[in-house]
Chemist: 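Could you have a look at this structure, given as structure tokens, before my questions?
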Amino acid sequence: MAIINRIIPSAIIALSISSCNMTEKKADNFDYTVDRFADIEVLRYKVPGFENLSVRQKALIYYLTEAAITGRDILWDQHGKHNLVIRQVIEQIYTGYTGDKSSKEFLALEKYLKQIWFANGLHHHYSMDKFVPEFSQEFFTDAVKSLPADKLPLNEGQTADEMLAIIIPEIFDPAVSPKRVNQADGQDLILTSSVNMYDGVTQAEVEQYYAALKDTTDLTPISYGLNTRLTKVDGKIVEETYKVGGRYSAAISRIVELLGKASQYAENDAQRAYIGKLIEYYTTGDLRTFDEYSILWAEDTESQVDFINGFIETYGDPLGMTGSWESIVNFKNNEASHRTEVISDNAQWFEDNSPIDPRFRKPEVKGVSAKVITSAILAGDAYPATPIGINLPNANWIRAAHGSKSVTIENITDAYDKASHGNGFNEEFVIDQETRELMDKYLFITDNLHTDLHECLGHGSGQLLPGVDPDALKAHGSTLEETRADLFALYYLADPKLIELGLLDNPDAYKAEYYKYMLNGLMTQLMRIEPGKDVEEAHMRNRKLIAEWAMEHGSKDNVVEYVTRNGKTFIQINDYTKLRELFGQLLHEIQRIKSEGDYKAGRELVEKYAIKVDPKIHAEVLERYSHLDIAPYKGFVNPVYTPVFDGNGEITDVTISYDEDYIPQMLRYSRDYSPLTK
Ligand code: ZN
């Protein structure tokens with residue numbers, strides 16, 4: 001299975017989550033929606049269970065959240081070398097503006113500021129394209145010149161005009177730094193990407209530099225380039241290391257100080273040890289130390305509070321070497337984690353009862369225990385847009401030898417779900433009130449169970465016949481593998497075993513997921529595809545394969561059908577029991593294909609059911625979706641934590657509040673957590 005170390009709520013996942021369930025009013029009185037601008041919706045999330053943590057755990061979380069927010073500017077600078085100066089200038093204009101705040105120009109500046117805050121820089125967080133300001137260069141220049149010089153982030157001896165000469169093309173000229181990360185084949189990916197992890201070097205130079213550095217015989221290699229910026233000094237390539245005393249020293253030193261305070265409240269020795277190792281790594285910049293830290297971190301499965309803080313994921317580097325700074329502080333949701341533990345503990349029962357040829361069953365199977373967590377703060381590359389699941393560490397040899405942590409951030413998925421109530425999606429696409437009510441009630445839990453079964457058991461189930469090449473299915477391997485894991489989950493979602501295990505309380509609950517799955521696979525996921533294009537992405541192909549196959553093979557019994565109401569197409573499921581049987585039959589066949597390495601049969605299934613889009617249905621879905629006002633991208637503001645101290649400076653409690661809005665939070669972070677700005 002492909003390691004997806006970051007489950008991102010974009011494309012498919014956001015879809016399944018944001019399209020979850022709808023009622024006219026929200027499920028509780030909490031106000032999830034904070035702001036809406038451009039293609040963005042900003043939400044807030046709850047931190048259920050925080051109040052029940054011990055004072056010690058709360059104090060630990062408090063210092064870790066401070067360390068998290070403190071790294072914000074590191075990411076801003078990694079994203080672009082003029083980002084921090086530009087942010088400061090625009091924030092100064094925004095907060096000090098004395099003209100008409102309802103003018104078109106000022107409102108356009110506000111929108112732009114909200115966009116760059118959201119992206120941690122001048123480029124869209126997802127498309128990587130530079131934002132286009134809707135205010136004029138003249139307005140901007142006048143506004144800057146009307147600011148007192150001491151409000152401007154000028155370098156020693158620099159005039160306002162000199163600063164403007166640098167930042168104006170960055171903001172206004174579409175030809176300057178058009179893309180943060182360029183992945184277009186055949187171009188110099190370093191020179192055409194404006195990301196600030198490289199400066200003054202070409203792609204060929206970077207590749208030569210690392211090729212010379214790498215020891216290919218090393219079985220435990222370090223993550224080369226993870227914490228450095230590559231540049232040239234006197235014509236020679238050098239790595240500037242992110243560490244205390246190195247690049248980003250002011251921010252990293254403060255993070256180290258806060259980690260030191262957090263360490264005093266560690267839950268146990270294992271946790272204290274990995275916090276100490278992280279401090280050592282930030283102090284030395286040594287990537288061997290980072291690996292030691294990663295091992296200690298991966299092996300600590302006892303602590304309830306957990307966090308990441310550092311240069312982790314490499315999607316922001318066109319060559320996938322340097323990590324973008326991020327932090328997520330969280331604690332285990334014991335009740336929800338119980339769900340994945342129960343599933344894992346019963347892995348053998350599921351394997352033994354799987355509707356596949358007994359020759360392809362694993363005699364001994366071990367489930368993966370994914371933990372469900374509650375996020376307490378999102379920061380750096382995880383803020384405001386955030387993943388809903390993480391699987392770390394990234395180094396393959398560490399994963400193999402020391403294990404990894406796979407987590408689902410359930411208070412975030414819950415916020416997506418709640419905020420989508422009332423956005424009109426289900427009213428538009430779900431066939432009737434009865435089905436909508438079932439989805440309202442059971443889709444959140446069955447969606448989560450589907451993910452658990454897919455991840456904890458589905459991928460790990462079954463075995464290859466002796467001598468079969470694991471890569472026999474070639475280019476269709478990942479689609480068929482996702483198909484297999486999804487079918488395993490779908491089949492068992494309807495099994496009475498889940499009720500017996502206490503994971504569901506209603507034998508009809510699975511129908512909510514079945515309906516959503518068929519609707520998504522046959523129709524609604526097409527909203528992500530441009531007219532005339534094929535389905536490309538493996539998960540989308542797998543969903544289409546399953547849904548189209550079941551539709552066709554159930555047609556003689558009329559199991560699932562398209563019906564037309566008021567000129568609109570709907571999916572109608574007439575026989576859920578038979579639909580489950582069809583899922584079982586397809587699982588039987590897909591497992592055979594995988595176990596025997598039957599490339600030809602696999603290819604035929606993918607080509608027949610997974611790729612080609614019916615242009616008529618596609619056009620209809622796009623048309624109906626366009627009338628719904630749903631923001632394609634979502635992100636979050638954080639709650640605010642306030643420590644309560646006694647007379648001796650000891651923390652006696654930490655309170656949490658949810659009343660800070662988007663603009664005040666961004667301005668506060670810029671004011672109070674900006675060690676890298678002037
Ligand atoms: Zn999968």
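Counting starts at 1 for both ligands and their atoms, following the listed order.
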Chemist: For atom CD of E335, is the number of surrounding heavy atoms from other residues, nucleotides or ligands below 6.0 Å larger than 12?
Modeler: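 No, not enclosed.
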Chemist: Sequence neighbours excluded, which residues qualify as salt bridge (Lys or Arg N to Asp or Glu O under 4.0 Å) partners of D291?
Modeler: none
Chemist: Does H539 bring an N, O or S atom to under 2.8 Å of the Zn ion (ligand 1)?
Modeler: no
Chemist: For residues 299-309, dump all side-chain donor-acceptor pairs below 3.5 Å to protein atoms at least two apart in sequence or in another chain.
Modeler:
| from | atom 1 | to | atom 2 | distance (Å) |
| --- | --- | --- | --- | --- |
| E299 | OE2 | H402 | ND1 | 2.8 |
| D300 | OD1 | E302 | N | 3.2 |
| D300 | OD1 | S303 | N | 3.3 |
| D300 | OD1 | S303 | OG | 3.1 |
| D300 | OD2 | S303 | OG | 2.6 |
| S303 | OG | N268 | ND2 | 3.0 |
| Q304 | OE1 | Q57 | NE2 | 3.1 |
| Q304 | NE2 | K332 | O | 3.1 |
| D306 | OD1 | Y274 | OH | 3.0 |
| D306 | OD1 | W297 | NE1 | 2.9 |
| D306 | OD2 | K371 | NZ | 3.3 |
| D306 | OD2 | K405 | NZ | 2.8 |
| N309 | OD1 | Y282 | OH | 2.6 |

Chemist: Please find the N/O/S atom of H454 nearest to the Zn ion (ligand 1) and write down its name.
Modeler: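 Distance check against the Zn ion (ligand 1) picks out NE2 in H454.
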Chemist: Report the name of the N/O/S atom of E482 located nearest to the Zn ion (ligand 1).
Modeler: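 Of all N, O or S atoms in E482, the Zn ion (ligand 1) lies closest to OE1.
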Chemist: Do F583 and Y514 have their ring centres less than 6.0 Å from each other?
Modeler: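 Yes; Y514 has its ring centre under 6.0 Å from that of F583.
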